[in-house]
Amino acid sequence: MRTKAACLLFLCLFAGAFHSFSQLNIIPLPQKVKANGTVFSIRPQTNIYYQKGLKTQAELLASALSPATGYDFKLREAQSAKDGIWLTLGKTAVANPEAYRLTVGNKQVNIMGNTSKGVFYGIQTLLQLLPAEIYNQQRQKGKTWTVKGADIEDAPLYPWRGMMLDVSRYFFSKAYVLRFIDMMAMYKMNKLHFHLIDDAGWRLEIKKYPKLTSIGAWRGQGAERTGGYYTQEDIKEMIAYASARNVEIIPEIELPAHTLAAVVAYPYLGCTGQQFEMPTQHSISKELYCVGKESTFDFLADVFKEVFDLFPSKYVHIGGDEAVYTRWAACPDCQKRKADLGLKTEAALQVYFNQRVQNMVKPYGKTMVGWDEIIEDGLKEKVVGMVWHDPKKTFKAVENGHDVVLSLTKFCYFDMAESNIPGEVKAATWVGLVPLEKVYQLNPLVPGLDEKYRQQVLGASATLWADQFIHGTLLQEIGPLNENRSEKYFDYLTFPRLSALAEVVWTPLAQQNWEGFERRLASHYLRYQQAGYGFRLPQPQLISAEKTDKGYVVKLKNVVDGAQIRYTTDGTYPNPYAPVYSQSVTVGELKDLMAITVLNREQFSLPLYFPEKYEQFKKYGEVVAEWNPSKITGKAYSPFEINATGKINANGNYALAFMYTGGRTKLEIQSITVWKNGLKIAEDLHEGSTGSTQKDHVYKFNIKEYETGAAFTIKAMVRGDVDNDSNGIVLLKKEG
C-alpha cells in the first residue's frame with residue numbers, strides 16, 4: 001500500500017485531475033484525463049466512421065453497442081467526419097503502439113490510436129464512460145445512452161499484461177475461453193498464458209500423435225470419466241477471436257516435468273516404458289520425458305511444428321518447474337547421456353534438455369518462456385522468466401540478459417482465497433490469502449533494480465490454477481448437470497482482482513492510489529453483473545465502532561454502487577431480506593452485528609462481522625482451558641488440570657482437543673484422565689502433540705455414570721518439546 005504521505009502528496013498534485021478520475025471511474029486509470037463538460041448521446045442515427053484499416057475495430061464497437069441499445073449502427077469508411085463516432089489512426093503524444101487518444105464532444109467521439117491496438121483500447125474506455133447496462137446482451141428499453149465529455153491521453157506502463165488459464169487440471173469449454181478473453185480485453189489485458197499441458201490432461205489436438213487427446217485428455221472410468229480437448233479448428237477460432245481483441249495466446253507445452261498425460265498416451269516417452277493411468281487426484285508426478293532417448297526430442301520437434309503452425313505468438317511457454325529427478329537418476333539412457341556430456345548432476349541434464357528445446361523453437365522465431373527455475377539453469381539464449389516465488393530472481397535474470405514477467409504468488413495467484421471469512425469459497429491455501437488490496441500493491445519493478453534493466457521487466461501475469469478440481473473432494477466436476485458452477489467459480493476468483501492487476505500494469509506508478517481505485521471500482525460491479533460475469537462482492541466497510549454506555553455505535557460504508565447494506569443485530573447471518581442499513585447501528589456487543597452488501601437477491605457478499613476470540617476452533621467445541629508457559633514444563637511431563645464441571649453435562653462420548661495458538665515450542669501430551677468427585681472414571685493414554693503441525697491431538701472418552709452436581713476434572717500430562725514457550729487452548733465437545 002502506498003504510504004499516507006504519498007497519498008496526500010498525490011491528492012495535492014493531482015487534485016483537479018483526480019476529481020475527473022473519480023467522476024469518470026475508468027479502470028485502468030488513464031495517464032491523462034480531463035472532463036470537458038460536454039455530453040455525447042448515442043442515438044439510432046449515430047454513425048460509426050472508420051479510416052482504412054480499422055474496419056475490424058468498427059465492427060467490434062458496433063457489436064458491443066448494438067445488443068443493449070437495440071440500434072443497428074451504420075459503418076462507413078471515411079477520411080474525415082464531423083459527427084458520430086470516428087475511429088482514426090495517427091500519432092499520439094506517446095510513441096507506444098498501444099497508445100490512444102479519446103475525445104468526447106457534444107457532436108462527436110473521436111478515438112485515435114497509433115495502431116489498431118490503441119483504437120481498440122480507446123473503445124474499451126468509451127464503453128466504461130457509458131452506463132453499466134451497455135454490457136448487457138439484451139436490449140435495455142427506455143435507456144438514455146450518454147457519454148460524459150472528456151479528453152483522454154493514454155498508453156500502458158508495461159507491454160505484458162497477462163493472465164494464465166489452467167485448462168489441463170480442469171477442462172474449460174471453448175466458449176468459456178472466448179468469454180475469458182472478453183474479460184481480459186475489458187481491462188486492456190493482452191497476454192493469455194494458456195496452460196494446455198500438465199500431468200492431469202493434454203488439451204491440444206496433435207494430429208501426428210492422436211493418443212495425446214484420445215487417451216491423455218481423459219481421466220476416470222464410466223460415469224466418472226471427465227475431460228476434453230481443443231481441436232486445431234477450435235484453436236484457430238480462439239486465436240482469431242483473441243487477435244481481434246489484442247490478446248496474444250501463448251501456448252504452454254510443459255516439459256520435462258508435468259508430462260504424465262503424454263507418458264500415459266505414449267509410454268516410450270518416459271524412462272521406464274511402463275503403462276501408467278491418468279490421475280484422478282492432484283499430485284506432481286515423478287515421471288519425466290526421458291532425456292536420454294532421441295525419440296523424446298523427435299516427438300517434441302513434431303509437436304512444436306504443429307503448435308507453431310497454429311499459434312502466431314512469438315512466445316512458447318515450457319513450464320520447466322518442479323522436476324523430480326529420481327527417474328533420470330535410475331535410467332540407463334539418461335545416465336549415459338549424462339556421462340557422454342560430462343555432466344555431474346541431473347539438474348545439469350535439465351539445462352541440456354532446455355537448450356535442446358531452445359534450439360528447436362529458435363528457427364520458428366520463438367522466444368522460450370518458463371518459470372524462474374529455467375533462469376537458475378543459466379541458459380545462454382535470451383528467454384522470458386516468470387518469477388513466481390522469489391522476486392530477487394529478477395536480478396539474476398536481467399543480469400544474464402533475460403526478460404522477466406512478475407507472477408509472484410503472494411500477489412498474483414488468484415486460485416488463492418481473498419479472505420478467511422466463514423463462507424469464503426474453497427480455494428488453494430498454501431500461499432495464504434491474496435486479497436484485492438494485496439494485488440494492487442504489486443510493483444513489477446522490484447525495489448533495488450538498476451534503472452538500466454527497466455526495459456527487461458515486461459510486466460506481470462496472474463494465475464488461475466485449476467488443481468482444486470482434482471484435489472481430494474474440495475471441488476467436484478459438474479459436467480453431468482450441464483451447469484456452469486465451475487465457470488462461475490473461476491469468475492469469482494478473477495473479478496475484481498483482474499481489474500486491480502490491470503491498473504498495476506497499465507497506469508503510471510505515481511498515479512496508482514488504492515483509495516482512488518476503490519472509489520472507481522464501486523461502479524464496476526454493476527458492469528460485471530450486466531456482462532454476465534461472476535464476481536466477488538466486497539463486504540461493507542467498517543468506519544467506526546465507538547463504545548458508549550449503551551453499547552457500541554457502529555458506522556458502516558457501502559463500497560458498491562447500486563447496492564444496499566443489510567444487517568442483523570442478534571448474531572444471526574443476514575440475508576437479502578434483512579433490514580436495510582441507513583444510519584449508524586447500536587449493539588450491546590460487537591459480535592451481535594453482522595452486515596452484508598446486497599447487489600440483488602442473488603448476489604450478495606460475505607458478512608462483515610466481529611469474530612470471537614478463537615472462533616476458528618469452534619468446530620472442536622467449547623473452550624475449557626488455556627495453556628501458557630507458566631502452566632507447562634519443558635522437560636518432564638507434568639499435570640495440567642482442567643475444570644470440566646458443567647462442561648461434562650450428560651452421559652455420552654466426548655472429545656478433548658488441544659489447539660496451539662503461539663510460541664516457539666509445541667505441546668506434547670502423554671495422556672488424559674477424567675475424574676468425578678475425585679475418582680478416575682475414564683482415560684485416553686495415547687501420545688499426541690500440537691504446534692505448527694498436529695499429531696493425535698484429540699483425546700476421546702466416554703461418560704457412563706453422569707450425576708447432576710458432580711465435580712468433573714480432566715488431568716492431562718503435558719510438556720513443551722524444547723522449553724515451555726507454548727500457548728494454546730483446550731476445547732471440549734460432546735459427540736453423542
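Any value given below was found using the heavy atoms of this structure, including those in side chains, with hydrogens, waters and symmetry copies removed.
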J.: Step through the shown structure and confirm whether more than 12 heavy atoms of other residues, nucleotides or ligands are within 6.0 Å of NZ on K305.
T.: no
J.: Can you give me the closest heavy-atom contact between S285 and D199, atom names plus distance?
T.: N-OD2, 3.1 Å
J.: For I374 and G320, work out which heavy atoms get closest and say how close.
T.: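 Distance-wise, the nearest heavy atoms are CG2-CA, 4.1 Å.
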J.: Drop me the distance from H317's NE2 to L196's CG, to the nearest 0.5 angstrom.
T.: 12.0 Å
J.: Would you tell me whether T494 and Y533 have side-chain atoms, one donor and one acceptor, within less than 3.5 Å of each other?
T.: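 Short answer, no.
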J.: Test side chain to side chain contact (heavy atoms under 4.5 Å, CB included) on Y289 and L300; report intermediate values, then the result.
T.: CA-CA 10 Å; Y289 286 136; L300 288 172; 4.0 Å; yes
J.: How are the rings of Y230 and F171 set relative to one another: parallel (under 30°), tilted (30 to 60°) or perpendicular (over 60°)?
T.: tilted
J.: Using atom types as modelled and distance alone, determine if a side-chain donor or acceptor of R245 lies under 3.5 Å from a backbone N or O of I181.
T.: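 Such a contact is absent between R245 side chain and I181 backbone.
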J.: Are any of the side-chain heavy atoms of F299 and D302 separated by less than 4.5 Å?
T.: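 No, their side chains stay 4.5 Å or more apart.
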J.: Answer yes or no: is there a donor N or O on one side and an acceptor on the other, between the side chain of S243 and the main chain of A240, under 3.5 Å?
T.: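 A pair under 3.5 Å: no.
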J.: When you measure from the side chain of W202 to the backbone N and O of T259, does any donor-acceptor pair fall under 3.5 Å?
T.: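 Between the backbone of T259 and the side chain of W202 there is no qualifying donor-acceptor contact (under 3.5 Å).
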J.: Quick check: does any side chain N or O of R203 sit under 3.5 Å from a backbone N or O of A217, one acting as donor and the other as acceptor?
T.: yes
J.: Report the relative orientation of the aromatic rings in Y229 and W218; use parallel for angles under 30°, tilted for 30 to 60°, perpendicular for over 60°.
T.: perpendicular
J.: Would you call the rings of W371 and H193 parallel, tilted or perpendicular, taking 30° and 60° as the class edges?
T.: tilted
J.: Quick one: does NZ or CZ of R601 land under 6.0 Å from the six-membered ring centre of F604, within 45 degrees of the ring axis?
T.: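 No, R601 does not sit over the ring of F604.
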J.: Determine whether V307 and I206 satisfy the following criterion, side chain to side chain contact (heavy atoms under 4.5 Å, CB included), listing intermediate values before the conclusion.
T.: CA-CA 8 Å; V307 169; I206 301 295; 4.2 Å; yes
J.: Within a reach of under 6.0 Å around CD of Q221, are more than 12 heavy atoms found that belong to other residues, nucleotides or ligands?
T.: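 Counting other residues, nucleotides and ligands, CD of Q221 stays at 12 neighbours or fewer.
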J.: Check whether any side-chain heavy atom of Q441 lies under 4.5 Å from a side-chain heavy atom of F411, and answer yes or no.
T.: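 They are in contact (side-chain heavy atoms under 4.5 Å apart), so the answer is yes.
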J.: Just checking, any donor-acceptor pair under 3.5 angstrom between side chains of E373 and W388?
T.: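 The criterion, which ignores hydrogens and geometry beyond distance, is satisfied for W388 and E373.
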J.: Before giving the answer on side chain to side chain donor-acceptor pair (under 3.5 Å), spell out for Q232 and E306 the whole-Å C-alpha distance, their side-chain angles and the decisive distance to 0.1 Å.
T.: CA-CA 9 Å; Q232 294 195 2; E306 293 196 33; 2.8 Å; yes
J.: Can you confirm whether L406 sits close enough to C412 that some side-chain heavy atom of one is under 4.5 Å from a side-chain heavy atom of the other?
T.: no
J.: M189 versus L501: any side-chain heavy-atom pair under 4.5 Å?
T.: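 With C-beta onward as the side chain, the pair touches.
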J.: How are the rings of Y266 and Y268 set relative to one another: parallel (under 30°), tilted (30 to 60°) or perpendicular (over 60°)?
T.: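 Perpendicular.
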J.: For Q468 and D415, what are the C-alpha separation, side-chain angles and deciding distance, and is it a side chain to side chain contact (heavy atoms under 4.5 Å, CB included)?
T.: CA-CA 8 Å; Q468 294 297 296; D415 53 313; 5.7 Å; no
J.: Look at atom CD of E277 and say whether more than 12 heavy atoms of other residues, nucleotides or ligands are closer to it than 6.0 Å.
T.: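 At most 12 heavy atoms, drawn from other residues, nucleotides or ligands, come within 6.0 Å of this atom.
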J.: Keeping H402 on the side-chain end and L379 on the backbone end, is there a donor-acceptor pair under 3.5 Å?
T.: yes
J.: Decide side chain to side chain contact (heavy atoms under 4.5 Å, CB included) for W465 and H282; before the verdict, give the C-alpha distance in whole Å, the side-chain angles of both, and the deciding distance to 0.1 Å.
T.: CA-CA 12 Å; W465 297 105; H282 175 62; over 6 Å; no
J.: Taking the six-membered ring for Trp, are Y325 and W328 parallel (under 30°), tilted (30 to 60°) or perpendicular (over 60°)?
T.: parallel
J.: Under the criterion side chain to side chain donor-acceptor pair (under 3.5 Å), which of Q355, Q350, R356 is the partner of Y352?
T.: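 Single pass found, and it is R356.
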J.: Compare all side-chain heavy atoms of I197 with those of E252 and state whether any distance is below 4.5 angstrom.
T.: no
J.: Check whether any side-chain heavy atom of L288 lies under 4.5 Å from a side-chain heavy atom of V324, and answer yes or no.
T.: no
J.: Please work out which of the three classes, parallel, tilted or perpendicular, describes the rings of Y187 and H524, given edges at 30° and 60°.
T.: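 Geometry flag for Y187 against H524: tilted rings.
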J.: Please determine whether the number of non-hydrogen atoms from other residues, nucleotides or ligands lying under 6.0 Å from atom CD of Q138 exceeds 12.
T.: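 It does not: Q138 CD has 12 such atoms or fewer within range.
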J.: Provide the closest heavy-atom pair for C334 versus L349 in the form atom of the first, atom of the second, distance.
T.: O-CD1, 3.8 Å
J.: Is a side-chain N or O of Y489 found less than 3.5 angstrom from the main chain of K426, in a donor-acceptor match?
T.: yes
J.: Any Lys/Arg nitrogen of R536 or E424 sitting under 4.0 Å from an Asp/Glu carboxylate oxygen of the other?
T.: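 Salt bridge present between R536 and E424.
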J.: Quick check: F194 with F311 (ring centres under 6.0 Å apart)?
T.: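 No - the distance between ring centres of F311 and F194 does not fall below the 6.0 Å cut-off.
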J.: Can any side-chain N or O of T296 pair as donor or acceptor with the backbone N or O of C290 at less than 3.5 Å?
T.: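 The answer is yes, because a donor-acceptor pair under 3.5 Å joins these two groups.
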J.: If you count every heavy atom of other residues, nucleotides or ligands that lies below 6.0 Å from K117 atom NZ, does the total exceed 12?
T.: no
J.: So, K191 side chain and M164 main chain: donor-acceptor pair closer than 3.5 Å or not?
T.: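 Side chain of K191 to backbone of M164, a donor-acceptor pair under 3.5 Å: no, none is there.
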J.: For Y364 and D309, what are the C-alpha separation, side-chain angles and deciding distance, and is it a side chain to side chain donor-acceptor pair (under 3.5 Å)?
T.: CA-CA 10 Å; Y364 295 94; D309 284 344; over 6 Å; no
J.: Are R527 and M186 packed together at the side-chain level, in the sense that at least one heavy-atom pair is separated by less than 4.5 angstrom?
T.: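 In contact.
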J.: Run the numbers on T597 and Y525 for side chain to side chain donor-acceptor pair (under 3.5 Å), then give the verdict.
T.: CA-CA 12 Å; T597 303; Y525 297 98; over 6 Å; no
J.: Is the backbone N or O of A200 less than 3.5 Å from a side-chain atom of R219, with the two atoms forming a donor-acceptor pair by type?
T.: yes
J.: What's the shortest heavy-atom distance between P159 and L458, and which atoms?
T.: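 Scanning both residues, the minimum pair turns out to be CD-O, 3.0 Å.
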J.: With side chain to side chain donor-acceptor pair (under 3.5 Å) as the test, would you mind laying out the steps for T231 and K174 before giving the verdict?
T.: CA-CA 10 Å; T231 68; K174 177 181 67 176; over 6 Å; no
J.: With no hydrogens and no angle check, is any side-chain donor or acceptor of N600 less than 3.5 Å from a backbone partner on Q603?
T.: yes
J.: So, E503 and R520, do they make that salt bridge, N to O below 4.0 Å?
T.: yes
J.: Side chains of N190 and Y158 only: does a donor on one sit below 3.5 Å from an acceptor on the other?
T.: no
J.: For the residue pair P540 and L608, what are the closest heavy atoms and their distance?
T.: O-CD2, 3.7 Å
J.: What's the separation between atom OH in Y528 and atom CG in L537, rounded to the nearest 0.5 Å?
T.: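 Y528 OH to L537 CG: 10.0 Å, rounded to 0.5 Å.
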J.: Taking the side chain as every heavy atom from C-beta outward, state whether Y573 and L606 have any pair of such atoms under 4.5 Å apart.
T.: yes
J.: Could you check K410, M416, E418 and say which one makes a side-chain contact (heavy atoms from CB on, under 4.5 Å) with V434?
T.: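 Exactly one option meets the side-chain contact (heavy atoms from CB on, under 4.5 Å) with V434, and it is M416.
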J.: Quick one: closest heavy-atom pair of T213 and L204, and the distance?
T.: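 Nearest heavy atoms, T213 then L204: CG2-O, 3.5 Å.
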